[in-house]
Structures are given as C-alpha cells and as structure tokens.
Amino acid sequence: MSTNVVVLAQARTGSNLLCNVFAMLSPCRDLNEVFLSPSALPPMLHNVKWFSNSDVPPFPHHYFFNLSEKIYLFNYLRVNDYPSLLSYITQHPAEIMDLLDKIIPVTKIIKILDYQMESADLEFLFQRKNTKFVLLERSNKLEQFVSHETSKKIDKWINVDTSNVKIHVDRTEFTNFVNSSTAWYEKIRTRLASEGHNFLEINYERDLNHDNLDPVVLKVKDWLATQDIDTDFRYTDIQYKKQNLSPMSEKISNFDEISDIFDILSNSS
C-alpha cells in the first residue's frame with residue numbers, strides 16, 4: 001500500500017510552499033487540498049471543465065491529477081462536473097483515500113487546513129497505518145493574522161505582492177485568533193501523540209526560508225527516511241513566493257495602537 005503524508009496546518013502558514021518542498025522529492029506527488037470544501041469554491045469555478053487544455057484551475061488549491069486520473073475519477077464516481085466531484089470527495093473521504101491509493105501508488109502529499117477537519121469526517125486518517133503527519137505552524141501569530149486579513153481583503157491568496165495593502169488590526173479579533181490557533185495546535189499535537197504518530201514539526205519562521213530551501217528539503221528527506229520512504233532530489237521551480245515584504249509597522253494602519261502586541265510576539269518567536 002502506498003504512503004500518504006498529511007500536512008496539517010492553518011491558513012497563511014506557508015503550507016503551499018511546504019507542499020512544493022515535498023514535490024521536490026521523487027516519487028512524492030503533491031495533491032494539495034484534496035478535501036477542499038465545495039462551499040469554498042469561488043463562483044468562477046462552478047462550470048470549470050477538466051478536459052480543457054489548462055491543467056491548473058484559476059484558484060490557489062490546485063489538483064495535480066493527470067488526465068487519465070481525472071477521467072477515471074469522473075467515470076468511477078459517476079460525476080460530470082467539478083463541484084460534484086469535490087462534494088463526493090468531501091462526503092466520502094475514506095473511500096476516496098482507498099481509491100487514490102490504487103490509482104496513484106506513490107507517496108502522496110495531502111494538505112488539510114484546520115477548517116477542513118470540521119467540514120469533512122477525517123478522523124479515519126489518524127487510524128490509517130499508511131498515513132504520516134506533518135504539523136506546520138507559524139510562530140508570529142500577528143504576521144499570520146495580518147496575512148490572512150490581507151488576502152481576504154483583496155481576495156487573492158498566492159503569488160501576489162501585498163506589501164502596499166494596509167490592514168487595521170482589531171485587538172479583540174486578534175486575541176481571539178491567537179487563542180483559537182493555540183488551542184487547535186495543542187489539540188492536534190495531543191491527538192497525534194496519543195495515537196503514537198512520529199510526526200514532523202515544521203516552523204514557518206525557522207524552517208521555510210524562501211531564499212534557501214535546501215535545509216528544509218533535507219529535513220523533510222531525512223524524516224521521510226525514518227518513515228521508510230526513500231526519496232531522491234528532483235529539482236523543480238518553486239511556484240510560491242513571499243507575498244508581503246513590508247515590516248508590520250508599515251503594513252498595519254493602527255500599528256502604534258497595538259505595537260505592544262507586536263513587540264511581545266516578536267520577542268517570543
């Protein structure tokens with residue numbers, strides 16, 4: 001049975017970049033957000049045809065199925081449009097994982113964000129012997145929060161320079177975000193430990209250096225080896241880049257009002 005590596009993360013923690021790192025190792029296949037909730041699809045995708053010349057839909061959650069895999073999924077599941085396929089995948093995740101193990105018999109990388117664990121019944125993943133876990137977290141919660149609010153404001157999530165977009169940070173909203181994020185990561189760590197999973201922890205600030213990914217590639221490769229997954233380097237272009245290059249003092253419109261929060265988080269990261 002092939003192995004699945006599940007990247008557990010929250011939005012704006014570098015999860016696309018990390019999946020891209022896994023894709024640099026052969027024979028890993030990055031399937032990204034297989035369990036994307038249909039409700040998260042923008043209207044423009046409701047009538048997307050999968051049999052066009054374009055293999056990448058115009059939204060950030062790519063599906064890296066080749067043409068034969070797409071045809072197989074549509075025929076086997078008896079669906080004929082993209083939202084219907086997503087609905088089936090979300091409603092029958094265990095069946096889909098068994099199916100993907102058959103048609104993609106290599107190490108599959110699957111990203112699951114926190115909200116997706118609520119919208120799909122993914123508890124079965126913790127019990128699967130062929131499933132390994134990576135937990136990705138961002139230490140600087142203020143930067144994560146601002147990044148998330150920026151993307152919501154402009155409705156663009158990848159490869160867009162947002163340095164000139166200013167954000168007003170509501171102290172209460174930010175505090176609630178930090179508390180919720182901290183609680184979610186504590187819950188996931190406890191669950192993985194209780195199930196005896198030898199999971200890999202990746203930290204955005206420590207490990208994901210956009211200018212030099214060699215250390216994290218080696219870290220991932222070494223961890224995969226401990227899971228009896230042998231890999232070879234497969235140098236590919238990195239598809240994702242850092243979106244905000246401005247300091248928080250310029251990014252946050254009310255920075256002076258909340259600068260004490262920023263100082264505390266900067267010192268603790």
| request: Output, in order, the C-alpha distance, side-chain angles, deciding distance and verdict of side chain to side chain contact (heavy atoms under 4.5 Å, CB included) for Leu99 and Leu77. | output: CA-CA 10 Å; Leu99 183 59; Leu77 301 177; 4.2 Å; yes
| task | Give the intermediate values and the outcome of side chain to side chain contact (heavy atoms under 4.5 Å, CB included) for residues Leu100 and Phe65. | result | CA-CA 10 Å; Leu100 293 180; Phe65 297 133; 3.9 Å; yes
| query | salt bridge (Lys or Arg N to Asp or Glu O under 4.0 Å) between Arg128 and Glu195: does it pass, once the steps are laid out? | reply | CA-CA 11 Å; Arg128 286 172 63 97; Glu195 297 287 349; over 6 Å; no
| task | List the steps, then state whether side chain to side chain donor-acceptor pair (under 3.5 Å) holds for Ser15 with Lys111. | result | CA-CA 7 Å; Ser15 56; Lys111 180 175 76 171; 3.1 Å; yes
| task | Assess whether side chain to side chain contact (heavy atoms under 4.5 Å, CB included) is satisfied between Glu250 and Phe255, documenting all intermediate values. | result | CA-CA 8 Å; Glu250 297 177 8; Phe255 178 81; over 6 Å; no
| task | Walk me through it: do Thr175 and Val178 pass the test side chain to side chain contact (heavy atoms under 4.5 Å, CB included)? | result | CA-CA 5 Å; Thr175 300; Val178 172; 5.8 Å; no
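Taking the centre and axis of the six-membered ring of Phe233, the NZ or CZ atom of Lys221 falls inside the cone set by 45° and 6.0 Å.
Remark: Lys102 NZ is loosely packed, at most 12 non-hydrogen atoms of other residues, nucleotides or ligands lying under 6.0 Å away. Heavy-atom contacts from other residues, nucleotides or ligands closer than 6.0 Å to CG of Asn164 number 12 or fewer.
Checked against Phe22 for a side-chain contact (heavy atoms from CB on, under 4.5 Å), the options Asp30, Thr107, Leu224, Val217 give a single hit: Leu224. The only option from Val220, Ile202, Asp207 that meets the side-chain contact (heavy atoms from CB on, under 4.5 Å) definition with Val21 turns out to be Val220.
Listed here is the closest heavy atom pair of Arg12 and Arg138: O-NH1, 2.9 Å. Of all heavy-atom pairs between Asn140 and Glu205, the closest is N-OE2, 3.0 Å. Nearest heavy atoms, Glu69 versus Ile103: OE2-O, 4.0 Å. Considering all non-hydrogen atoms of both residues, Gln116 and Leu113 come closest at OE1-N, 2.7 Å. Nearest heavy-atom pair across Asp170 and Thr172 is OD1-N, 3.0 Å. What you find for Ala9 and Trp184 is that their closest heavy atoms are O-CH2, 3.6 Å.
Ile110 has its side chain out of reach of Thr131: every pair of non-hydrogen atoms, C-beta onward, lies at least 4.5 Å apart. Contact annotation: the side chain of Asp161 never approaches that of Gln243 to less than 4.5 Å [non-hydrogen atoms, C-beta and beyond]. Two residues are said to be in side-chain contact when any heavy atoms from C-beta on lie closer than 4.5 Å; Lys70 and Leu85 fail this criterion. Counting heavy atoms from C-beta on, the side chains of Ser181 and Gln10 come closer than 4.5 Å. Proximity of Glu33 to Phe35: side-chain heavy atoms (C-beta onward) are nowhere separated by under 4.5 Å. In this structure, Ile96 and Tyr88 have side chains that are in contact, with non-hydrogen atoms separated by less than 4.5 Å. Looking at heavy atoms from C-beta onward, Ile252 lies out of side-chain contact with Lys166 at the 4.5 angstrom threshold. Under the 4.5 Å side-chain criterion, counting only non-hydrogen atoms from C-beta, Val5 is in contact with Trp223.
Note that the NZ atom of Lys187 and the CE atom of Met117 stand 7.0 Å from one another [nearest 0.5 Å]. Here the OG-CG distance, from Ser26 to Asp232, works out to 6.0 Å after rounding to the nearest 0.5 Å. Rounding to the nearest 0.5 Å places CG of Asp230 at 8.0 Å from CG of Asp228. The line from CZ of Arg189 to CG of Leu8 is 11.0 Å long, rounded to the nearest 0.5 Å. Note that OG of Ser163 is 4.5 Å distant from CG of Asn244, once rounded to the nearest 0.5 Å. Atom CZ of Phe174 is separated from atom CG of Asn179 by 9.5 Å, given to the nearest 0.5 angstrom.
Using a distance-only test at 3.5 Å, with no hydrogens or angles considered, a donor-acceptor pair links the side chain of Lys251 to the main chain of Thr162. A donor-acceptor distance shorter than 3.5 angstrom exists from the side chain of Ser194 to the backbone of Thr190, with no hydrogens or angles considered. Under the 3.5 Å distance criterion, the side-chain polar atoms of Asn203 are left unmatched by any main-chain donor or acceptor of Leu136.
Checked for salt-bridge contact, Arg171 and Asp260 meet the test: a charged N lies under 4.0 Å from a carboxylate O. Remark: Glu186 does not engage Arg191 in a salt bridge, criterion side-chain N to carboxylate O under 4.0 Å. Here Glu137 does not pair with Arg206 in a salt bridge; the nearest charged N to carboxylate O distance is not below 4.0 Å. In summary, Asp101 and Lys108 engage in a salt bridge, as defined by a charged side-chain N under 4.0 Å from a carboxylate O. With respect to Lys153 and Glu149, no salt bridge is recorded, no charged nitrogen being found less than 4.0 Å from a carboxylate O.
Under the 4.5 Å side-chain heavy-atom criterion for grouping Ile, Leu, Val, Met, Phe, Trp and Tyr, Leu245 is not connected to Ile167 through any hydrophobic cluster.
No side-chain donor from either of Glu143 and Tyr204 sits under 3.5 Å from a side-chain acceptor of the other. A donor-acceptor pair shorter than 3.5 Å cannot be found between the side chains of Thr3 and Asn130.
You'll find the ring centres of Phe133 and Phe126 inside the 6.0 Å limit.
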